[in-house]
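One structure below.
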Amino acid sequence: MKIDRLFLVIAAIYILVGMGLGMFMGQSQDFSHRTTHTHINLLGFVSMTLFALVYRVWPAMQQSVLARIHFFAYQIGALIMVSAIFLKYGGHAEEGVFGPMFGVSEALLVLGMICFLIGVVRSARE
Ligand code: HEM
Ligand code: HEM
């Protein structure tokens, strides 16, 4: 599967999970997972859908190894970050557990975005 399609499929999975959590919050009136919900929907669905569209509009960007690094770094980073937010804001773990998870996931997400930026500068010209 190409990177654009992979991003799109995974984005759709994220929004379903995000909606599920939103409905759970609404029904239970337990809003402790608001920030998890926010990031599943925005970091997961919205940003990944935008990446898919950008790779679709400028297909040359997908040919580069940068696109693959972006994809894998972003996927692993997003998954770890959402889990860390869930643990922190849900009160399920101590700082010693989610602290390093934030560090690793932030580094991965930033690495992914640097690759994306280089790809945009190089290939998204017209
Ligand atoms: C079935 C669909 C959805 C349900 C039931 C739902 C439900 C909720 C609930 C209950 C909250 C917490 C409100 C509060 O803290 O008072 C919330 C917050 C939020 N939701 Fe959703 N949501 C849904 C879909 C989405 C989608 C698709 C997005 C984005 C693409 C989104 C973005 C947000 C954001 C950004 C917040 C935080 C707002 C703030 O901090 O004030 N939600 N949602
Ligand atoms: C490295 C990536 C990111 C980190 C470390 C991060 C971290 C945070 C933190 C610590 C908060 C404050 C939560 C609180 O109220 O206590 C927050 C809120 C928020 N973030 Fe992020 N975020 C990241 C990426 C993003 C992205 C990419 C989006 C949107 C596309 C986003 C959208 C939001 C929104 C809308 C809120 C306010 C609503 C809420 O608190 O639920 N974040 N983020």
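Just so you know, ligand 1 is whichever comes first in the structure, and atom 1 is the first atom listed for that ligand. The analysis underlying the following values was restricted to heavy atoms, covering all of them including side chains, and did not include hydrogens, waters or symmetry mates.
With a heavy-atom cut-off of 4.0 Å, T35 touches ligand 2 through backbone and side chain alike. Under 4.0 Å from ligand 1, heavy atoms of M23 appear from its side chain as well as its backbone.
Residue contact check: L42 has heavy atoms under 4.0 Å from atoms 29 (C), 30 (C), 32 (C), 35 (C) of ligand 2. Those atoms of ligand 2 with a heavy atom of R34 less than 4.0 angstrom away are 15 (O), 39 (C), 40 (O), 41 (O). Residue I15 has at least one heavy-atom neighbour below 4.0 Å for each of these atoms of ligand 1: 27 (C).
Selection from M81, M113, H39 by nearest heavy atom to atom 17 (C) of ligand 2 gives H39. The closest non-hydrogen atom to atom 14 (C) of ligand 1, taken over F31, Y14, F24, comes from F31.
Of all protein heavy atoms, the one lying nearest to atom 35 (C) of ligand 1 is T38 CG2, 3.7 Å. When hydrogens are left out, the protein atom nearest atom 25 (C) of ligand 1 is N41 ND2, 3.4 Å; that is the closest non-hydrogen contact. Remark: minimum distance from atom 2 (C) of ligand 1 to any protein heavy atom is reached at M19 CG, 3.5 Å. In terms of protein heavy atoms, atom 26 (C) of ligand 2 is closest to L43 CD1, 4.1 Å. Looking at atom 9 (C) of ligand 1, its nearest protein heavy atom turns out to be M25 CE, 3.6 Å.
Checked against F7 for a ring pair (Phe, Tyr, Trp, His ring centres under 6.0 Å), the options F51, Y14, F45, F72 give a single hit: F51.
Side-chain atoms of H37 come within 3.5 Å of backbone atoms of G18 as a donor-acceptor pair (strictly under, hydrogens ignored). The main-chain N or O of F102 is found under 3.5 Å from a side-chain atom of S105 such that the two form a donor-acceptor pair.
In terms of heavy-atom proximity, Y74 sits nearest to S47 at OH-OG, 2.7 Å. Minimum interatomic distance between P59 and Q63 (heavy atoms only, all atoms of both residues): O-NE2, 3.6 Å. Residue T49 comes nearest to A11 through the heavy atom pair OG1-CB, 3.4 Å, listed as atom of the first residue, atom of the second, then distance. The two residues M101 and I80 have their closest heavy-atom pair at O-CG2, 3.5 Å. Contact record, I3 with Q62: N-OE1, 3.0 Å, taken as the closest heavy-atom pair. What you find for T36 and F86 is that their closest heavy atoms are OG1-CA, 3.4 Å.
Using a 4.0 angstrom heavy-atom cutoff, Y89 counts as in contact with ligand 2. Not close to ligand 2: V46, with no non-hydrogen atom less than 4.0 angstrom away.
Distance check on atom 37 (C) of ligand 2: every protein heavy atom falls at or beyond the 4.0 Å cut-off. At least one protein heavy atom sits closer than 4.0 Å to atom 40 (O) of ligand 1.
Taken from CD1 in I13 to CD1 in I40, the straight-line distance is 12.5 Å, to the nearest 0.5 Å.
Outside the 6.0 Å centre-distance limit, the rings of H33 and Y89 are not counted as a close aromatic pair.
Checked by distance only, ligand 1 and H37 come closer than 3.5 Å through their nitrogen or oxygen atoms.
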